[in-house]
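One structure is given here, and the rest of the page talks about it.
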Amino acid sequence: MGIIEKMRLDGKKIFVTGGARGIGKSVATAFAEAGADLAIVDVDIAEAEKTAAELAENNHVQAIAIKADVTKPEEVDAMVAKVVETYGRLDVAFCNAGICMNIPAEEMTFEQWKKVIDINLTGVFLTAQAAGKVMLKQGSGSIINTASMSAHIVNVPQPQCSYNASKAGVIQLTKSLAIEWAKRGVRVNCISPGYIGTELTLNSPSLKPLIEQWNAMAPMGRMGKPEELQSVCVYLAGDTSTFTTGSDFVVDGAFTCF
Ligand code: NDP
């Protein structure tokens with residue numbers, strides 16, 4: 001079997017949080033194109049259902065939509081149980097849901113701080129933990145978490161200390177889980193994208209006006225596209241990455257190189 005065939009994900013059962021739109025939808029599309037059956041998990045169930053229907057129709061795979069808020073342990077557990085009930089197993093978890101708030105540190109309320117940490121860091125822990133429990137029993141599985149280049153640098157000019165701290169936490173959480181589960185067949189990696197054109201960036205009133213400044217700072221002079229994160233995630237989900245765990249894949253057009 002050639003390398004491209006080996007990279008296919010035929011029959012793998014995968015859930016994607018924040019899968020209704022943006023990076024989650026784009027990566028879920030690649031998983032479906034590679035032959036996987038999907039569960040699209042999001043708080044926006046209407047959009048998740050549209051995405052699931054689109055993926056199933058275009059790729060002749062199964063795709064279901066599940067409403068779950070990643071900050072709520074009972075919803076995360078019910079979501080993972082639904083995936084296993086539907087598909088009989090869980091091969092890959094893409095723990096990707098996240099938000100950003102741009103608020104100066106001295107003005108940030110406790111609730112604002114907590115919301116970002118709860119979704120971006122605690123949400124990834126709860127989702128990876130629930131997926132991990134199933135995968136450890138199976139003796140196999142791959143977990144991919146979405147960190148950010150903001151885990152490596154402090155983005156300017158926008159003030160986003162809670163986001164940066166949450167994403168740095170995702171990298172160390174990823175490495176910790178990778179070590180704990182390394183001998184038990186469960187791999188845990190993360191991706192650290194640079195600026196990517198999605199609703200989080202393009203339609204955010206506070207971030208949209210900054211795009212020209214970011215592009216001026218970017219070595220490639222542009223933001224990334226969600227499709228430019230697909231291949232690394234297909235690699236991490238599949239069976240050609242069996243020696244890859246505890247790694248953070250920076251995909252940022254060299255933004256963090258200087
Ligand atoms: P989007 O806002 O386009 O999509 C995120 C999705 O996650 C939305 O559908 C959102 O629903 C959903 N979501 C939000 N909160 C929760 C929750 N508590 N439980 C379940 N789903 C939730 O964002 P992106 O695709 O841009 O971002 C995806 C991930 O990539 C995030 O973790 C982000 O931090 C990270 N990232 C993004 C970068 C970028 O430049 N875009 C760069 C680096 C990392 P709703 O819209 O209804 O709230």
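As the structure is a computational prediction, the values presented were derived from the model and not from experiment. Each ligand, and each atom within it, is numbered from 1 in the order the structure gives.
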*Parallel, tilted or perpendicular: which describes the rings of Tyr195 and Trp214, with under 30° parallel and over 60° perpendicular?*
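Answer is parallel, since the angle falls under 30°.
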*Check each of Ile66, Ile196, Val16 against atom 41 (N) of ligand 1 and report the one with the nearest heavy atom.*
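The nearest heavy atom belongs to Ile196.
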_Among Gly22, Ala68, Gly98, closest by any non-hydrogen atom to atom 5 (C) of ligand 1_ =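 Selected option, by shortest heavy-atom distance: Gly98.
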Do any heavy atoms of [X] fall under 4.0 Å from ligand 1?
X: Ser192; answer: no
X: Gly197; answer: no
X: Ser26; answer: no
X: Lys167; answer: yes
X: Thr17; answer: no

Which of the ligand 1 atoms, numbered from 1, are nearer than 4.0 Å to a heavy atom of [X]:
X: Ser148; answer: 43 (C), 44 (C)
X: Thr201; answer: 39 (C), 40 (O), 41 (N)
X: Asp44; answer: 47 (O)
X: Ala97; answer: 20 (C), 21 (N), 22 (C), 32 (O)
X: Glu199; answer: 3 (O)
X: Ala147; answer: 44 (C)

Please state which protein non-hydrogen atom is closest to [atom] and give its distance, to 0.1 Å?
atom: atom 45 (P) of ligand 1; result: Arg21 NH1, 3.6 Å
atom: atom 34 (O) of ligand 1; result: Tyr163 OH, 2.6 Å
atom: atom 28 (C) of ligand 1; result: Asn96 OD1, 3.5 Å
atom: atom 10 (C) of ligand 1; result: Asp42 OD1, 3.6 Å
atom: atom 42 (C) of ligand 1; result: Gly194 O, 3.2 Å
atom: atom 38 (C) of ligand 1; result: Ile23 CD1, 4.0 Å
atom: atom 24 (P) of ligand 1; result: Thr198 OG1, 3.5 Å
atom: atom 14 (C) of ligand 1; result: Ile99 CG2, 3.9 Å

What distance separates [X] [atom1] from [Y] [atom2], expressed to the nearest 0.5 Å?
X: Met7; Y: Ile3; atom1: CE; atom2: CD1; result: 6.0 Å
X: Asp248; Y: Ile171; atom1: CG; atom2: CD1; result: 4.0 Å
X: Lys167; Y: Ser150; atom1: NZ; atom2: OG; result: 8.0 Å

When you compare ligand 1 with [X], is there at least one nitrogen or oxygen pair between them that comes in under 3.5 angstrom?
X: Val70; value: yes
X: Met149; value: no
X: Thr146; value: no
X: Tyr195; value: no
X: Asp69; value: yes

Testing the basics here: between [X] and [Y], what is the closest heavy-atom pair and its distance to 0.1 Å?
X: Thr174; Y: Val188; result: CG2-O, 3.6 Å
X: Gln160; Y: Cys100; result: OE1-SG, 3.7 Å
X: Asp42; Y: Ala48; result: CB-CB, 4.0 Å
X: Cys161; Y: Met108; result: SG-CE, 4.0 Å

*Lys/Arg N to Asp/Glu carboxylate O, Glu228 vs Arg222, below 4.0 Å*: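 The answer is yes: the pair qualifies as a salt bridge.
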[X] [atom1]: over 12 foreign heavy atoms closer than 6.0 Å:
X: Glu212; atom1: CD; result: no
X: Ile179; atom1: CD1; result: no
X: Phe243; atom1: CZ; result: no

*Applying side chain to side chain contact (heavy atoms under 4.5 Å, CB included) between Val124 and each of Ile119, Asn96, Leu173, report the one that passes.*
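Exactly one candidate clears the test, Leu173.
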*If Ile, Leu, Val, Met, Phe, Trp and Tyr residues are connected whenever their side-chain heavy atoms lie under 4.5 Å apart, and connections chain through other members, are Val80 and Val41 in the same group?*
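Yes, it is one cluster - the side chains of Val80 and Val41 are joined through contacts under 4.5 Å.
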_Go through it in stages, so that I can follow the logic: the residues are Leu210 and Gln158, the test is side chain to side chain contact (heavy atoms under 4.5 Å, CB included), and I'd like the CA-CA distance, side-chain angles, deciding distance and then a yes or no._
CA-CA 8 Å; Leu210 304 178; Gln158 69 275 23; 3.7 Å; yes
